[in-house]
Amino acid sequence: MVGGLSHGDHQEGGDQEGMRRRRGCGCSCTKNDFLPEESFQSIGNYLQALKETPMRFKDRLLTRSLDSTELHEIKSRSEHEMKKNLTWWDLIWFGIGAVIGAGIFVLTGLEAREHAGPAVVLSYVVSGVSAMLSVFCYTEFAVEIPVAGGSFAYLRVELGDFMAFIAAGNIILEYVIGGAAVARSWTSYFATLCNHKPDDFRIIAHSLPEDYGHLDPIAVFVCAAICVLAVLSTKGSSRFNYVASIIHVVVILFIIVAGLAKADTKNYADFSPNGARGIFVASAVLFFAYIGFDAVATMAEETRNPARDIPIGLVGSMSITTIAYCLMAVTLCLMVPYTKIDVDAPFSVAFETVGWGWAKYIVAAGALKGMTTVLLVSAVGQARYLTHIARTHMMPPWLAHVNGRTGTPVNATIVMLAATAIVGFFTKLDILSNLLSISTLFIFMLVALALLVRRYYVSGITTQEHRVRLIMCIVAILGSSIATAVIWGTADEDSWLGYVITIPLWFCATLALKLLVPQARDPKLWGVPLVPWLPSASILINIFLLGSIDKKSFIRFAAWTGFLLVYYFLFGLHASYDTAKASGENKVEDALKNVEEGAVPSRNGS
C-alpha cells in the first residue's frame with residue numbers, strides 16, 4: 001500500500017479550502033466546482049501532475065478504501081444527507097418497478113423470433129439464475145456498506161480505485177444505454193396504443209446511418225418528465241412507483257391468464273429451433289431484462305434498516321420478477337407461432353392475432369406504466385451512482401451536490417437523464433441491448449470477484465502464503481471461465497471436448513479456495529450462503545454469457561473502455577489522487593485498516 005503525502009501543507013490546505021467553497025455553493029458552475037484540485041490550478045501544476053502519472057497510478061491501483069471511509073468521509077462531501085425514509089416494502093416495489101419493463105415487453109419477442117423460439121423461457125431461467133447470484137453478492141455489500149455508490153463503492157473497498165473507476169464508467173454506460181433503450185421502447189408501445197407504427201412518431205434522417213437515423217422525440221420528452229419527478233423527492237418517486245407498479249402487476253396477471261386462455265400447444269412443436277446456442281445467445285441479451293436491481297442497492301443510503309430491508313427487498317423483488325418473466329414468455333409463445341411474433345410490441349400484437357384486439361390496449365397501457373417505472377427507478381439509481389463517483393473526484397465534484405431542500409442529487413440526475421435522452425433520440429434498440437448486456441455482465445462479474453476478496457483477504461490478518469493461494473485460485477477461476485466463454489463463442493455447438501477441461505478446472509479452483517484458504521472475515525449482518533461456490537458460479541455464468549454476445553458489441557465496448565482510460569489518465573487519476581491526499585484517506589487507511597477489521601496495527605504491511 002502506498003502511503004504518505006507527496007504534496008506540502010500548502011496544497012493540502014488549498015484542496016480543503018476548495019472543498020469548503022464547493023460545499024457552500026453546490027449549484028454554482030465555477031471552475032472550482034469542476035476542477036478544484038491542486039493539479040488543475042495552473043498549467044505548471046498540471047504538467048507536473050502528468051509527469052507523476054506512473055507514481056500516482058501505482059498509488060491509486062494499490063490503494064483500497066475502507067468501509068468507514070465510504071460510510072462517513074466520502075458521503076460527507078455531498079454537503080447534505082440523503083433522507084432515510086425507505087423500507088423493505090418500498091425496495092420490493094422499487095425492484096419490481098426497476099426490472100419489469102422493456103426487457104420483457106420488447107426483447108422477449110425479438111429473441112424468441114430471432115434466436116430461441118419457445119425455448120426463450122429457458123433463456124429467462126438462465127439469465128434469472130445469473131441475476132439471482134449477483135443479487136446475493138450485491139446484498140451482502142449493500143448491507144455492510146449502505147451508501148449511494150453501489151458497486152462502485154464496493155469495488156473501491158475491495159479491488160482499489162482503478163478497477164472501481166473502470167467499473168464506474170461501465171455503470172454510467174449501463175444506465176444511460178438502459179434508459180435510452182426503455183425510452184425508445186416507450187415510443188413503440190405508445191404507437192401501438194394509438195394504432196400506429198413506431199416510425200410514425202419518429203423522424204427518419206436518411207443522411208444518418210440506418211442504426212442511428214430513426215430519431216425519437218417522444219423518448220426525449222419521456223426522459224425530461226422522469227427527470228422532474230426524480231429531482232423532486234425520493235419518497236415521492238417511491239409512492240408513484242408503488243401505485244404504477246400495482247397497475248403493472250395487474251396487467252401482467254391479465255396477460256398470463258387471458259393469454260393462456262388462448263393458448264395453442266401446437267405452437268410449442270418446434271420448441272428449440274436453434275438448439276442450445278440459440279437459448280444462450282438469447283439469454284445473454286435477455287439479461288438486459290433483469291438489470292435494475294442494482295439501482296435498488298444504491299438506495300441503501302436512504303434505507304431505514306439496511307440489514308433487514310435490503311435482503312428482503314432485493315431477493316424478494318428478484319424472485320417475483322423471475323417467476324413473472326417465465327410465465328409471460330410461456331404465454332407469448334403459446335399464443336402465436338414464434339415466427340409470427342411482432343418484434344416491436346409482441347404481447348399487444350399477439351392478442352390482436354388471436355382475435356382479442358381490445359386487449360392490446362390494456363397490454364400497451366400496462367407496458368407503458370412498466371417502462372415509466374423502470375425509467376424512474378433507473379433515474380434515481382443512476383444519479384446516486386454518479387453522486388458517489390463524484391464524491392471521490394473521479395468525476396467533477398459538482399455532480400456530488402445533494403440539494404438541501406429535496407435531499408436528492410439534482411445535478412447528477414439532470415446530467416444523466418440528458419445523456420440518456422440524447423442516446424435514446426438516435427440509437428436503435430438492438431444495438432443498445434447488446435452493448436448494455438456486456439457492460440452489465442462485466443460489472444456483476446467484478447462484484448462477485450470483489451466478494452471473494454472481501455471474504456478471504458483482510459490486510460494484516462491474511463498471511464502471505466494464504467494471499468498467494470487466493471490469487472492463484474482467483475486466476476484459475478477467471479481463466480477457466482474465460483476459456484469456457486471463448487470455446488462457446490468460437491467452437492461448433494457439438495464440440496464438447498474443451499468443456500471437459502475448463503469446467504473441472506473451474507470446479508477444482510473453487511474447491512481449492514474452499515479447502516486451502518481460510519476465510520479472513522465473517523459477514524457482520526447478512527452474508528451470501530455457500531461461499532465460495534455462489535460467487536464463483538456467478539463469475540462463471542456472467543463470463544460465459546459474455547461469450548454469446550456479437551463481435552460488433554465488443555468493439556463498441558472496447559472503444560468506450562479506451563475513452564474511459566484516456567479520461568482517467570488525463571483527469572480522473574490526478575483529481576482523485578489530490579483529493580485522497582488532501583483529505584488524508586491514505587493516512588487513515590494505513591493506520592486504521594487493521595484496527596477496523598480487528599487485526600493488530602503493527603502487522604499491517606500491505
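Heavy-atom basis, side chains included; hydrogens, waters and symmetry copies ignored.
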Applying side-chain contact (heavy atoms from CB on, under 4.5 Å), run through Asn170 and Trp560 and close with a yes or a no.
CA-CA 8 Å; Asn170 282 288; Trp560 172 249; 3.8 Å; yes
Which atoms form the tightest heavy-atom contact between Gln382 and Met416, and what is the distance?
NE2-CB, 3.5 Å
Do the non-hydrogen side-chain atoms of Leu334 and Leu260 ever get within less than 4.5 Å of each other?
yes
Do the non-hydrogen side-chain atoms of Phe444 and Cys137 ever get within less than 4.5 Å of each other?
no
When the ring centroid of Phe271 is compared with that of Tyr268, is the distance short of 6.0 Å?
yes
Distance (rounded to the nearest 0.5 Å) between Ser123 OG and Leu545 CG:
10.0 Å
Please find the pair of heavy atoms, one from Ser317 and one from Ile92, that lie closest to each other, and give the distance.
CB-O, 3.5 Å
Short question: side chain of Arg184, backbone of Ile218 - any donor-acceptor pair under 3.5 Å?
no
Quick one: pull up CD1 in Ile341 and CD in Glu111 and give me the separation to the nearest 0.5 Å.
11.0 Å
Apply side chain to side chain donor-acceptor pair (under 3.5 Å) to Asp309 and Thr87, showing your working.
CA-CA 6 Å; Asp309 297 338; Thr87 66; 5.8 Å; no
Return yes if some donor-acceptor pair links the side-chain N/O of Thr321 with the main-chain N/O of Ile96 below 3.5 Å, else return no.
no
Between Ile246 and Trp93, is any pair of side-chain heavy atoms under 4.5 Å apart?
yes
Closest contact, heavy atoms only, Ala153 versus His388:
CB-NE2, 3.7 Å
For Val528, is there any backbone N or O sitting under 3.5 Å from a side-chain donor or acceptor partner on Glu140?
yes
Report yes if some heavy atom in the side chain of Leu253 is under 4.5 Å from a heavy atom in the side chain of Val250; otherwise report no.
no
Indicate yes or no: at least one non-hydrogen side-chain atom of Ile389 is less than 4.5 angstrom from one of Ile172.
yes
Check for me whether Arg277 meets the cation-pi criterion with Trp488, that is, NZ or CZ under 6.0 Å from the six-membered ring centre and within 45 degrees of the ring axis.
yes
Donor + acceptor pair across side chains of Asn195, Lys360 (<3.5 Å):
yes
Is any side-chain heavy atom of Cys194 less than 4.5 Å from a side-chain heavy atom of Phe201?
yes
Given side-chain contact (heavy atoms from CB on, under 4.5 Å), test Asp342 with Phe347 step by step and report yes or no.
CA-CA 8 Å; Asp342 183 81; Phe347 288 94; over 6 Å; no
How close do Ala379 and Ile226 get, heavy atom to heavy atom, and via which atoms?
CB-CG2, 3.8 Å
Roughly how far, to the nearest 0.5 Å, is the NE2 atom of His196 from the OG1 atom of Thr187?
13.5 Å
Pair Lys197 + Asp200, salt bridge at N-O below 4.0 Å:
no
Measure up the Tyr138 and Tyr154 rings against each other and bin them: parallel (under 30°), tilted (30 to 60°), perpendicular (over 60°).
perpendicular
Does any N or O in the side chain of Ser134 come within less than 3.5 Å of the main-chain N or O of Ser130, such that one atom is a donor and the other an acceptor?
yes
Test item: Cys326 and Val125 side chains (from C-beta on) under 4.5 Å apart, heavy atoms
yes
Quick one, Arg202 with Leu215, criterion side-chain contact (heavy atoms from CB on, under 4.5 Å). Give me CA distance, side-chain angles, the key distance, then yes/no.
CA-CA 5 Å; Arg202 293 177 178 140; Leu215 310 183; 5.9 Å; no
If only atom types and distance count, is the side chain of Thr413 paired as donor or acceptor with the main-chain N or O of Pro409 below 3.5 Å?
yes
Taken to the nearest 0.5 Å, the spacing of Leu133 CG from Met318 CE works out to 11.0 Å
Are Met328 and Cys333 side-chain neighbours, meaning at least one heavy-atom pair lies under 4.5 Å?
no
CG of Leu193 to CD1 of Ile362, rounded to nearest 0.5 Å, is 11.0 Å
Check the pair Leu399, Val415 against side-chain contact (heavy atoms from CB on, under 4.5 Å), reporting the backbone distance first and the verdict last.
CA-CA 8 Å; Leu399 295 167; Val415 167; 3.7 Å; yes
Roughly how far, to the nearest 0.5 Å, is the CH2 atom of Trp88 from the CG atom of Leu91?
10.0 Å
Relative to the ring of Trp358, is the ring of Trp356 parallel (under 30°), tilted (30 to 60°) or perpendicular (over 60°)?
parallel
What residues, two or more places apart in sequence or in another chain, satisfy side chain to side chain donor-acceptor pair (under 3.5 Å) together with Ser538?
Asn542
Heavy-atom closest pair, residues Met371 and Trp186
SD-N, 3.4 Å
Ile543 to Ser481 - nearest heavy-atom pair and separation
CG2-O, 3.5 Å
Donor + acceptor pair across side chains of Thr108, Tyr124 (<3.5 Å):
yes
